Amino acid sequence: MVVQRDSSRDELTDDEIDRVFHALATATRRDILRRTIDAEQSVSALAAHYEMSFAAVQKHVAVLEAAELIVKRAEGRERLVRADPVMIARARTLLSRYEDLWRARVDRLDDLLAEPEHP
């Protein structure tokens, strides 16, 4: 079953946000994502980069796939993995909004600290 996403939609749902942050919470998954941005790779090729079992790498791939950060497809006996630029862009938009929020708060704090004390 293929689930279609509205690629024009930037807003992530709360569930999507939870899955993205969960997927990116582990260095191995971030590395898998980085490797699949550069080029589509088989799960076997990815597993060769880590000192863990093939099954453990498959589980990491499954978490990334559930977060829709990667897309997996079958080609013969191999499972090929590539990053999903649409979801990565949507996650980047979310993080940019958080950054804007925090920069505005820091700017307000700077303004408060810069005010002279009144006797």
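Note that the coordinates shown come from a computational prediction; the quantities given were computed from them, not determined experimentally.
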Please examine the side chains of His49 and Gln41, heavy atoms only from C-beta on, and report whether any two atoms are closer than 4.5 Å. yes
Sub-4.5 Å side-chain heavy-atom contact between Met87 and Leu12: yes
Within the 4.5 Å heavy-atom criterion, are Leu80 and Arg82 side-chain neighbours or not? no
I'd like to check Leu46 versus Thr36 (side-chain heavy atoms, cut-off strictly below 4.5 Å). Are they in contact? yes
Does a side-chain heavy-atom distance below 4.5 Å link Lys72 with Gln58? no
With Arg103 via salt bridge (Lys or Arg N to Asp or Glu O under 4.0 Å) - residues at least two apart: Glu99
Atom of Ala67, atom of Arg19 and distance for their closest heavy-atom approach: CB-O, 3.5 Å
Does Leu24 share a hydrophobic cluster with Tyr98, counting links as ILVMFWY side-chain heavy atoms below 4.5 Å and allowing steps through other members? yes
Do Leu64 and Val81 come within less than 4.5 Å of each other through their side chains, counting heavy atoms only? no
Tell me, do Lys59 and Val63 make a side-chain contact under 4.5 Å, heavy atoms counted? no
Side chains of Ile88 and Asp84, heavy atoms from C-beta outward: is any pair under 4.5 Å? no
Might you work through the salt bridge (charged side-chain N to carboxylate O under 4.0 Å, His left out) test for Arg34 and Asp31, ending with a clear yes or no? CA-CA 5 Å; Arg34 181 190 59 78; Asp31 190 61; 2.8 Å; yes
Pair Glu16-Leu94, side chain to side chain contact (heavy atoms under 4.5 Å, CB included): steps then yes or no: CA-CA 11 Å; Glu16 288 172 322; Leu94 170 72; over 6 Å; no
In terms of heavy-atom contacts, does CZ of Arg77 have more than 12 from other residues, nucleotides or ligands at under 6.0 Å? no
If you link I, L, V, M, F, W and Y whenever their side-chain heavy atoms are under 4.5 Å apart, who else ends up in the same group as Leu113? Leu109
CG/Asp14: more than 12 non-hydrogen atoms of other groups inside 6.0 Å: no
If you look at every heavy atom in Ala83 and Ile37, which pair is closest and at what distance? CB-CG1, 3.5 Å
Just how far is it from atom CZ of Arg29 to atom CD1 of Ile70, taken to the nearest 0.5 Å? 10.5 Å
